[in-house]
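Reckoned from all heavy atoms, side chains included, excluding hydrogens, waters and symmetry mates. Start at 1 and go down the list; that is how both ligands and their atoms are numbered.
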Amino acid sequence: MNIAVVGTGYVGLVSGACFAEMGVSVVCVDINEEKIISLKQGNIPIYEPGLDELVLKNYREGRLNFATELISCLDDVDIVFSAVGTPPDEDGSADLQYVMSVARTFGQNIKKYSILVTKSTVPVGTARKVKTVIQTELDKRGVDISFDVVSNPEFLKEGSAIKDFMSPDRVIIGVETERAKEWMTKLYRPFLLNNFRVIFTDIPSAEMIKYAANSMLATRISFMNDIANLCELVGADVNQVRKGIGTDLRIGNKFLYPGCGYGGSCFPKDVKALIKTAEQNNYSMNVLKAVEEVNQEQKKVLFKKLFYYYRGNLRNKKIAIWGLAFKAETDDMREATSLVIIDLLLEAGATIVVYDPIAMEECKRRVGNMVFYATDMYDAVQDVDALLLLTEWKLFRLPKWDAIKNMMKEALVIDGRNIYDKKEMHELGFTYLCIGC
Ligand code: NAD
């Protein structure tokens, strides 16, 4: 089976490489020429554990190829996956211009029955619009070629994307014809050997499942952050509360970790988009509005703790930040809490030294010389008035605290991920602040 995957970002490149690994012939297409040139030279534009080897191996063995135009490979493929970005528009709704552009190219150029699968996260009703766009293009050409649209939302997590794609909890496939169902079943068959579930649904439900899943996860995070903030006020310990409620089988122990707010390319934009979809249907998603509001505030919590500690005066204070990526094992800084904290610290007149094992280049691209870039995690804490931990990289889990304490001007550690032990930090002589305890 031959497929094309349009958009070689986190989702497209991982999907393409994983399908190729299963023996499918894949062409990954991106309009960003630089990206494609760099991929052909063996340079992977994003950081994702295991992706380099998978891409290089499959490229070398001829199952994975790259192109800048979908037209160049359409004649040879049966299924086109659209994995282009769907960033938030100014009003929070999903910007579908890239999705529609792929649909137009598809309609303008297919010569035989083909399937267009949307893997991007798109609002309910998008497949219907995609179908109309394709049909309009076919009508303009005056040709009668049958095609199908399919919704196959992606649930991979950055940082464990390959594992998630290769052995997912489930695959959701929204179809409207038996023919499309058969083709998709065939394509996913190699993965089925691992015994995971494929759930076929109608298309609107598949589109909604993705938003509902991300919104549910974001809700758990904001709920726990709210509980954590209240714990601080009433003298409870959110770590103990988390264990206490997580053992209730109805609740489960996943996604109950309080922290310094969720970021990334998905939760923030998908929550906003679902709120917008509801508004467009004269409905108000009140829970999600609160989820968003709590998250915006939570991103400021570490700054507020620092501000309070220094009695509102951070001018000329030197602050170290460990972790810039929105979460560990990725270089992605989209909607990262670090960006909010950096802005607030700069506004307050502080000097900032940052360190992240992978996202330094991405930070330079976004923040430039507004901050200082340390050579390693220890270099970052030299003479600082506080250390803020923002990303839970493994590297930061067991630092040499004795050495760090001697390097810091003020032994103040503010932990946005609750990865250190409060009692131990106090025994080591640090002022230690965390979330909800
Ligand atoms: P991304 O921004 O990393 O990549 C998108 C790519 O599409 C870019 O390389 C861009 O150049 C390319 N592109 C845009 N228009 C194009 C066109 N007309 N033709 C060819 N290429 C084009 O995006 P991403 O993070 O991979 O996300 C893609 C979609 O998948 C989004 O809808 C996102 O919500 C969803 N999603 C993302 C994740 C994730 O963890 N990143 C997980 C699940 C779903």
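- Contact annotation: for S120 versus ligand 1, heavy atoms closer than 4.0 Å belong to both the backbone and the side chain.
- Taken from CZ in F255 to CZ in R220, the straight-line distance is 9.0 Å, to the nearest 0.5 Å.
- Classification of the F19-F81 ring pair by plane angle, with boundaries at 30° and 60°, yields tilted.
- Annotation: T121 places an N or O atom under 3.5 Å from an N or O atom of ligand 1; distance criterion only.
- Checked for salt-bridge contact, E329 and K394 meet the test: a charged N lies under 4.0 Å from a carboxylate O.
- Separation of the Y355 and W322 ring centroids does not fall under the 6.0 Å cut-off.
- Among M100, E158, K157, the residue whose heavy atom lies nearest to atom 40 (O) of ligand 1 is E158.
- Comment: E137 does not engage R104 in a salt bridge, judged by the lack of any side-chain N to carboxylate O separation of less than 4.0 angstrom.
- Of the options L70, T86, L156, T105, the smallest heavy-atom separation from atom 32 (O) of ligand 1 is shown by T86.
- Comment: K269 does not engage E335 in a salt bridge, judged by the lack of any side-chain N to carboxylate O separation of less than 4.0 angstrom.
- Residue-level proximity to ligand 1 for C266 is carried by the side chain, the only part with a heavy atom below 4.0 angstrom.
- The protein non-hydrogen atom at the shortest distance from atom 43 (C) of ligand 1 is E154 O, 3.1 Å.
- Remark: minimum distance from atom 18 (N) of ligand 1 to any protein heavy atom is reached at S101 OG, 3.4 Å.
- Note on ring orientation: taking the six-membered ring where Trp is involved, the planes of F165 and F191 are perpendicular (angle over 60°, cut-offs 30° and 60°).
- Taking CD1 from I251 and CG from L256, the interatomic distance works out to 7.5 Å, rounded to the nearest 0.5 Å.
- At the shortest separation from atom 27 (O) of ligand 1 among protein heavy atoms lies V11 CG2, 4.1 Å.
- Annotation: atom 33 (C) of ligand 1 to nearest protein heavy atom, K269 NZ, 3.8 Å.
- The distance from the CG atom of N152 to the CD1 atom of I203 is 11.0 Å, given to the nearest 0.5 Å.
- Among all protein heavy atoms, the one lying closest to atom 5 (C) of ligand 1 is G85 N, 3.6 Å.
- Among all protein heavy atoms, the one lying closest to atom 24 (P) of ligand 1 is Y10 N, 4.0 Å.
- Contacts with ligand 1 closer than 4.0 Å are made by side-chain heavy atoms of R334 only, the backbone lying farther away.
- On a distance-only criterion, N32 and ligand 1 share no N/O pair closer than 3.5 Å.
- Shown in contact with Y98 at under 4.0 Å from a heavy atom are these atoms of ligand 1, numbered in order with element: 14 (C), 15 (N).
- A salt bridge does not link E182 to K186: none of the charged side-chain nitrogens sits closer than 4.0 Å to a carboxylate oxygen.
- The shortest contact between atom 11 (O) of ligand 1 and any protein heavy atom is with D30 OD1, 2.6 Å.
- Considering backbone and side-chain N/O atoms, K35 comes within less than 3.5 Å of an N/O atom of ligand 1.
- Counting protein heavy atoms only, atom 4 (O) of ligand 1 is closest to G9 CA, 3.2 Å.
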